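Written out below as structure tokens is the structure these notes cover.
A quick note: this is a predicted structure, and the numbers were derived from the prediction, not measured. For the single chain, residues carry numbers from 1 onward in sequence order.
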Amino acid sequence: MAPQSAQALAPRLQLSKAGANTCPEYCARVALGLLSSERQGRHAELIEGRRKLRDLHPPLFARYMQGR
């Protein structure tokens, strides 16, 4: 995604943050946070996020780690 289009989507994504706080939603947010931490090189947050995802949903964590 081009930086310009990501910036254009940012206001809409901010609106979509309110949710039901279900386990699947939380797992998705953790996974998205992992991807963001990877791109930004935030190693400490990446390690913590991986631990969270592993504890929350082992199959999703395994799938995420397949590409790493």
Side-chain angles (χ1 to χ4, degrees):
M1 180 178 295
Q4 296 161 339
S5 57
Q7 290 174 349
L9 286 175
R12 293 182 191 157
L13 293 175
Q14 291 295 326
L15 294 174
S16 69
K17 285 192 174 182
N21 292 327
T22 62
C23 186
E25 179 182 342
Y26 185 66
C27 288
R29 288 186 191 278
V30 171
L32 288 171
L34 284 171
L35 297 174
S36 176
S37 295
E38 284 178 2
R39 290 183 66 120
Q40 296 176 10
R42 297 184 320 234
H43 186 71
E45 292 177 28
L46 183 60
I47 299 301
E48 178 62 21
R50 285 179 176 174
R51 183 195 60 76
K52 278 184 190 177
L53 188 59
R54 184 193 65 219
D55 293 347
L56 286 168
H57 201 289
L60 181 58
F61 175 74
R63 178 64 182 108
Y64 161 77
M65 291 302 292
Q66 282 179 348
R68 304 300 164 286

Would you compute the distance between atom [atom1] of [X] and atom [atom2] of [Y] and round it to the nearest 0.5 angstrom?
{"X": "Ile47", "Y": "His43", "atom1": "CD1", "atom2": "NE2", "answer": "4.0 Å"}
{"X": "Leu34", "Y": "Tyr64", "atom1": "CG", "atom2": "OH", "answer": "4.5 Å"}
{"X": "Leu46", "Y": "Arg50", "atom1": "CG", "atom2": "CZ", "answer": "4.0 Å"}
{"X": "Leu53", "Y": "Arg63", "atom1": "CG", "atom2": "CZ", "answer": "12.5 Å"}
{"X": "Ser37", "Y": "Glu48", "atom1": "OG", "atom2": "CD", "answer": "10.5 Å"}

Legend entry - pair Lys52-Tyr26: side-chain heavy atoms closer than 4.5 Å: yes
Legend entry - Polar side-chain atom of Ser36 near backbone of Leu32 as donor-acceptor pair, under 3.5 Å: no
